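One structure is given below, encoded as structure tokens.
Please read all numbers here as calculations on a predicted model, not as lab measurements.
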Amino acid sequence: MRKRLQHLPTALIAMGGLLVAAAPLAWWRDGGTGALGALAGVALVMLSYTVSSLTIAVTDLRARHLLMPVALGTYILKFAIIGVVMWIVAETGWGGLPWLGALVIAGTLIWVAAQAVWVWRAKIPYVEIEPS
């Protein structure tokens with residue numbers, strides 16, 4: 001399982017960097033509500049991608065033949081849940097919504113970029129030879 005989740009530390013560190021950069025800016029611009037919106041946006045992305053990674057890793061271990069449907073299903077479910085959360089928050093009229101939305105977008109881009117950089121730098125063999 002550990003081998004399938006090696007990308008997580010890189011992505012989580014990148015998200016921490018995003019939060020460190022965005023939260024003070026949001027606080028300066030819109031006070032505690034803005035900072036809370038920024039925190040919620042980053043947390044939502046971190047949680048969704050971490051759960052997706054765990055789900056895909058478990059599926060890869062237990063039922064590799066279901067990997068593609070499970071991966072696509074988690075992707076669809078993840079963005080549906082993020083959309084529903086954003087819609088529910090929008091209905092409340094909460095002032096942190098713009099920061100929440102901006103950080104969901106930025107967080108998604110940062111996570112994908114961090115994961116791509118990790119893949120480019122990883123020394124992943126093209127063929128895995130299993131011992132007999």
query: Which is it for Leu67 and Ile56 under the side-chain contact (heavy atoms from CB on, under 4.5 Å) test, yes or no, and what are the steps along the way?
result: CA-CA 7 Å; Leu67 191 56; Ile56 291 166; 3.7 Å; yes
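- How far CG of Leu47 is from CE of Met15: 10.5 Å, rounded to the nearest 0.5 Å.
- More than 12 heavy atoms of other residues, nucleotides or ligands sit less than 6.0 Å from atom CH2 of Trp118.
- The CG atom of Leu5 lies 5.5 Å from the CG atom of Leu54; values are rounded to the nearest 0.5 Å.
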side-chain contact (heavy atoms from CB on, under 4.5 Å) assessment of Leu19 paired with Leu39: CA-CA 7 Å; Leu19 185 58; Leu39 174 65; 3.7 Å; yes
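- Other residues sharing the hydrophobic cluster of Val84, ordered by chain and number and joined by side-chain separations under 4.5 Å: Trp87, Ile88.
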task: Please test Val42 against Trp111 for side-chain contact (heavy atoms from CB on, under 4.5 Å), starting from the C-alpha separation and ending with a verdict.
output: CA-CA 10 Å; Val42 170; Trp111 185 285; over 6 Å; no
task: Quick one: do His7 and Val119 satisfy side-chain contact (heavy atoms from CB on, under 4.5 Å)? Show the steps, please.
output: CA-CA 8 Å; His7 68 281; Val119 168; over 6 Å; no
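- With contacts defined as side-chain heavy-atom distances shorter than 4.5 Å, the pair Trp99/Thr33 does not qualify.
- In this structure the side chain of Leu100 reaches within 4.5 angstrom of the side chain of Val89, judged on heavy atoms.
- Between Val104 and Leu44 there is a side-chain heavy-atom pair separated by less than 4.5 Å.
- Residues Tyr49 and Thr108 have side chains in contact (heavy-atom distance under 4.5 Å, counting atoms from C-beta outward).
- Atom CZ of Arg121 is separated from atom NZ of Lys123 by 10.5 Å, given to the nearest 0.5 angstrom.
- Between the side chains of Lys78 and Ser48, no donor-acceptor pair of N or O atoms lies under 3.5 Å.
- Remark: Leu8 CG to Gln115 CD distance equals 8.0 Å, nearest 0.5 Å.
- Remark: Leu66 CG to Asp60 CG distance equals 11.0 Å, nearest 0.5 Å.
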